[in-house]
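One structure is given here, and the rest of the page talks about it.
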Amino acid sequence: MSDDNRQASDFVRDIVAEDLRTNKWDGRVITRFPPEPNGYLHIGHAKSICLNFGIAEEFRDKAPGGAQCHLRYDDTNPTKEEQEYIDSIKADVRWLGFDWGEHEYYASEYFDQLYEWAVQLIQAGKAYVCDLDGDQVREHRGTLTQPGKDSPYRNRSVKENLDLFERMRAGEFPDGSRTLRARIDMASPNLNMRDPVMYRIMRAVHPHVGDKWCIYPTYDWTHGQSDSIERITHSICTLEFENHRPLYDWFCDALGIYHPQQIEFARLNLTYTVMSKRKLLELVKGGHVRGWDDPRMPTLCGLRRRGYSPEAIRNFCKVIGVNKYESTIDIALLEHCLREHLNRTSPRVMAVLRPLKVIIDNYPEGQTEMLEAINNPEDPSAGTRQVPFSRVLYIEQDDFREDPPRKFFRLAPGREVRLRYAYYITCTSVVKDEAGNVTELHCTYDPATRGGDSPDGRKVKVTLHWVAADQALPVEVRLYDNLFTVPDPDDVPPGMDYKNNLNLNSLEVVPQAWVEPSLKGAAPLSRYQFERLGYFCVDPDSTPEKTVFNRTVTLKDSWAKIEKSQSQLP
RNA sequence: UGGGCCGUGGUGCAAUUGGUAGCACGUCUGACUCUGGAUCAGAAGGUUCAAGGUUCGAGUCCUUGCGGCCCAGCCA
């Protein structure tokens, strides 16, 4: 059990608590998670989900006016959005362990209200139809250091604007030919205030509202008012929207409507991966991975398939905190949270990835016996199981060295080790092929050590995992490494991009590994620890004939560390 | 060179709001162990971006620098 289940505070929670204390929002706490359905959710979104839904949960009992978190799709750009994404987002939020109850909303369902509000702004002389095309709008916008120029259409009459806007909606004009723009200040140092576009003409079928519209509101014109409609109290978003806040404020004030408070926090960055939907989409479309749910992807569906648990991800989000400055978190911290949870919850099992045949010369031919094995030493209630033992076994190739280096404690000629839950064995001879590769080992076992303890108190340095050759199940195992070879994939010389840093060895398939028979029929997505190797998860690609395992993460391996440092010596 | 936001060990976060820098990950030791896992104990590692100033006292306040991120989509 983790020692501390409480959620530490942070500057966002501090604001919420303070607002509750001063009764700023009538005792209400309403947050929202507002994805655009244009891709799959990733671990960066998990940070936002945990923040928004977490706050609603934590303040449930403290907010007399009620606390809730909405799921709202910011679906304002039908050219990029799809039903597939809408569905996956719901599945992923639920899998993470959060529930929005009745509060599932779509910005596209506010389009009528938004249209009315646009008319209201036109009537107030605060919006106008502009005939400039994209290039011209850019030219008029000015630069970071120079003010923009007013559009020649900026001073059209209210009557003309109303007529034109109505006809935009009616489909009288071609795509991109006109826009509705807010009439603010072309000289503002904040470029977002230089008469931003509110509506564009775009003939596209919308995944949620179909072909009802040929004009679509921009995100800037939609987001703040959607929060307003839902009476959000704390509109929590990422840092890049800080510059947009004055615009959202302007819209709410100009409309005279309920005005939520926006709070910005830094998005999550992780080493050895990329975290933008654009790049993830490119990896998928470019065939660099097998799909959005490829176990190497930082998407929630990818992590799920890889074997991550929602608990691990939630705890990770708790541990990383929330702040206002960009930072990059070491992937090792995510893996730490993962192991921490999996260690407590995963049944142990034995599997051999690269088999080396071991023949126990003094064990009766044709005999099989069942030995008792503990399912989870961290959880006594998980009980025990029986594993078969016989004369011919497989052990891991890595667990034998004919000429053992210093600090290598495993099996070697003449050396005695323990087979987990079974017997002590001693290697008596080595069989090789013509090329000199070790093909099998002959050993003897000590019948007195049955179960794994020696009555004479004799100690061995190490315990090996094993499977009985004639009882083991053949399975496929997929081993994963980081998708990128460097901590910051975007750190590339000029002319190259992050794809140059793709790790070409991020997937290694072991077509035939062996697992103990208790794993027969293991359900997709079920998680195990393969003793001494790591945590593994049944891949949905599994068939009744062949189970496929994904390696979620290795166990911490101090021998690997020693070996690595030894190889680095001159 | 306009505006906005932000700088605390290698990394991520704390510091009772002015009281003498703490936690986690990682790294390195050691103990224990039927997973070289887990667990436990310990160590190394910070002139809190810098320089001034206010103060008995500054990571916290002031000034000036420096550095980083964001903004010139009819993307979100």
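Chain naming here is simple, since letters A, B, ... match the order of the sequence lines and numbering starts at 1 in each. Reckoned from all heavy atoms, side chains included, excluding hydrogens, waters and symmetry mates.
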If you find the nucleotide of RNA chain B closest to A:Arg450 and the one closest to A:Asn77, which residue's nucleotide is nearer the 5' end? A:Arg450
Phosphate-side-chain proximity, A:Thr76 and B:A76, N/O vs OP1/OP2 below 4.0 Å: yes
Say you pick atom C1' in B:A41 and the same atom in B:G4; how far apart are they, in whole Å? 49 Å
Mind checking A:Tyr199 for me? I need base, sugar-phosphate or nothing, with any heavy atom below 4.0 Å counting as a touch. nothing
Heavy atoms only, 4.0 Å cut-off, all strands: where does A:Pro147 land among base, sugar-phosphate and nothing? nothing
Decide yes or no, distance alone: a donor-acceptor N/O pair under 3.5 angstrom between the base of B:G73 and the side-chain of A:Arg138. no
Tell me the side-chain hydrogen bond (donor to acceptor under 3.5 Å, both in side chains) pairs involving residues 329-338 of chain A, sequence neighbours left out? none
Between B:C61 and B:U54, how far is it from one C1' atom to the other, in whole Å? 8 Å
Can you tell me which nucleotide in B:G26, B:A76, B:G2 comes closest to the side chain of A:His336? B:G26
Tell me, for nucleotides 4-12 of chain B in 5' to 3' order, what letter each nucleotide earns: B for a base near a protein heavy atom under 4.0 Å, S for only sugar-phosphate near one, - for neither? SSSSB--SS
Count the heavy atoms belonging to other residues, nucleotides or ligands that lie under 6.0 Å from CZ of A:Arg267, then report whether that count exceeds 12. no
Contact under 4.0 Å: A:Lys318 side-chain N or O vs B:C13 OP1/OP2: no
Taking OP1 and OP2 of B:C75, is either one under 4.0 Å from a side-chain nitrogen or oxygen of A:Thr79? no
So what does A:Lys561 hit on the nucleic acid, given a heavy-atom distance under 4.0 Å: a base, only sugar-phosphate, or nothing? sugar-phosphate
With a 4.0 Å cut-off on heavy atoms, is A:Leu132 in touch with a base, just the backbone sugar-phosphate, or nothing at all? base
Protein-nucleotide distance (A:Glu139, atom CD; B:G73, atom P), rounded to Å: 12 Å
Which residues satisfy the salt bridge (charged side-chain N to carboxylate O under 4.0 Å, His left out) test with A:Asp195, sequence neighbours excluded? A:Arg154
Give one of base, sugar-phosphate or nothing for A:Lys80, where a contact means two heavy atoms less than 4.0 Å apart. sugar-phosphate
Could you work out the separation of B:U11 and B:G7 based on their P atoms and round it to a whole Å? 15 Å
Parallel, tilted or perpendicular: ring planes of A:Tyr105 versus A:Tyr110, cut at 30 and 60 degrees: tilted
Which residues satisfy the side-chain hydrogen bond (donor to acceptor under 3.5 Å, both in side chains) test with A:Asp220, sequence neighbours excluded? A:His244, A:Tyr248
Would you say A:Arg141 reaches B:G73's phosphate, i.e. side-chain N/O to OP1/OP2 under 4.0 Å? yes
Give the ring-plane orientation class for A:Tyr115 versus A:Trp213, where under 30° counts as parallel, over 60° as perpendicular and anything between as tilted. tilted
Separation of A:Asn192 atom CG from B:C74 atom P, in whole Å? 11 Å
Please measure how far the P atom in B:U47 lies from the corresponding atom in B:G10, and state the result in whole Å. 8 Å
Can you tell me whether the side chain of A:His140 and the base of B:A72 have a donor-acceptor pair closer than 3.5 Å? no
Non-neighbouring partners of A:Ala448 that pass side-chain contact (heavy atoms from CB on, under 4.5 Å), sequence neighbours left out: A:Asp446, A:Pro455
Of the listed nucleotides (B:A76, B:C74, B:C25), which one gets closest to any side-chain atom of A:Ala332? B:C25
If the plane angle is over 60° it's perpendicular, under 30° parallel, otherwise tilted; pick one for A:Tyr219 and A:Phe241. tilted
Option passing ring pair (Phe, Tyr, Trp, His ring centres under 6.0 Å) with A:Tyr199 (candidates A:Phe165, A:Tyr216, A:Phe111, A:Tyr128): A:Phe165
Stem ranges for RNA chain B, with three or more consecutive Watson-Crick or G-U pairs under 3.5 Å? B:2-7 with B:66-71, B:10-13 with B:22-25, B:27-31 with B:39-43, B:49-53 with B:61-65
When you check the glycosidic angle of B:U17, does it come out syn, meaning within 90° of 0, or anti? syn
Rounded distance in Å - CG (A:Asp133) to C1' (B:G73): 14 Å
All side-chain hydrogen bond (donor to acceptor under 3.5 Å, both in side chains) counterparts of A:Tyr153, not counting sequence neighbours: none
So, does A:Ser151 use its side chain to make a donor-acceptor pair with the main chain of A:Cys130 at under 3.5 Å? no
Output yes when at least one side-chain N/O atom of A:Arg178 is less than 4.0 Å from OP1 or OP2 of B:C74, else no. no
Residues in side-chain contact (heavy atoms from CB on, under 4.5 Å) with A:Arg278, at least two apart? A:Ser276, A:Glu282, A:Tyr498
Using the test side-chain hydrogen bond (donor to acceptor under 3.5 Å, both in side chains), find all partners of A:Ser558 that sit at least two apart in sequence or belong to another chain. none
Describe the nucleic acid contact of A:Arg278 in one word from base, sugar-phosphate, nothing, applying a heavy-atom distance below 4.0 Å. nothing
Taking OP1 and OP2 of B:A76, is either one under 4.0 Å from a side-chain nitrogen or oxygen of A:Arg200? yes
Nearest to the A:Arg420 side chain among B:U35, B:G36, B:A76, which nucleotide is it? B:U35
Ranking B:U35, B:G36, B:C71 by distance to the side chain of A:Ile562, first place goes to B:G36
Could you go over nucleotides 39-44 of chain B and give all protein N or O partners under 3.5 Å, atom names and distances?
none

At 4.0 Å (heavy atoms only), tell me whether A:Tyr216 reaches a base, stays on the sugar-phosphate, or touches nothing. nothing
Whole-angstrom distance between B:G52 and B:U48, as gauged at atom P: 13 Å
Determine the contact category for A:Met202: base if any of its heavy atoms lies under 4.0 Å from a base atom, sugar-phosphate if only primed atoms, P, OP1 or OP2 are that close, otherwise nothing. sugar-phosphate
Report the residues that fulfil side-chain hydrogen bond (donor to acceptor under 3.5 Å, both in side chains) with A:Asp491, sequence neighbours left out, ordered by chain and then residue number. none
Distance check needed: B:U33 C1' versus A:Asp453 CG, whole Å only. 12 Å
Rounded to the nearest angstrom, tell me the gap between atom CZ in A:Arg401 and atom C1' in B:G36. 14 Å
How is A:Phe265 classified with respect to the nucleic acid when contacts are heavy atoms under 4.0 Å: base, sugar-phosphate, or nothing? nothing
A:His341 (side chain) donor-acceptor with A:Leu338 (main chain) under 3.5 angstrom: no
Whole angstroms only, please: what is the CZ-C1' distance between A:Phe11 and B:U17? 17 Å
Using the purine O4'-C1'-N9-C4 or pyrimidine O4'-C1'-N1-C2 torsion, is B:G30 syn (within 90° of 0) or anti? anti
Partners passing side-chain contact (heavy atoms from CB on, under 4.5 Å) against A:Asp481 (at least two apart in sequence or in another chain): A:Asn503
Considering only the C1' atoms, how many Å lie between B:G12 and B:G45, rounded to the nearest integer? 16 Å
How do A:Asn190 and A:Pro34 order along RNA chain B: which one's closest nucleotide is nearer the 5' end? A:Asn190
Report the distance from atom CG of A:Asp195 to atom C1' of B:A72, rounded to the nearest whole Å. 14 Å
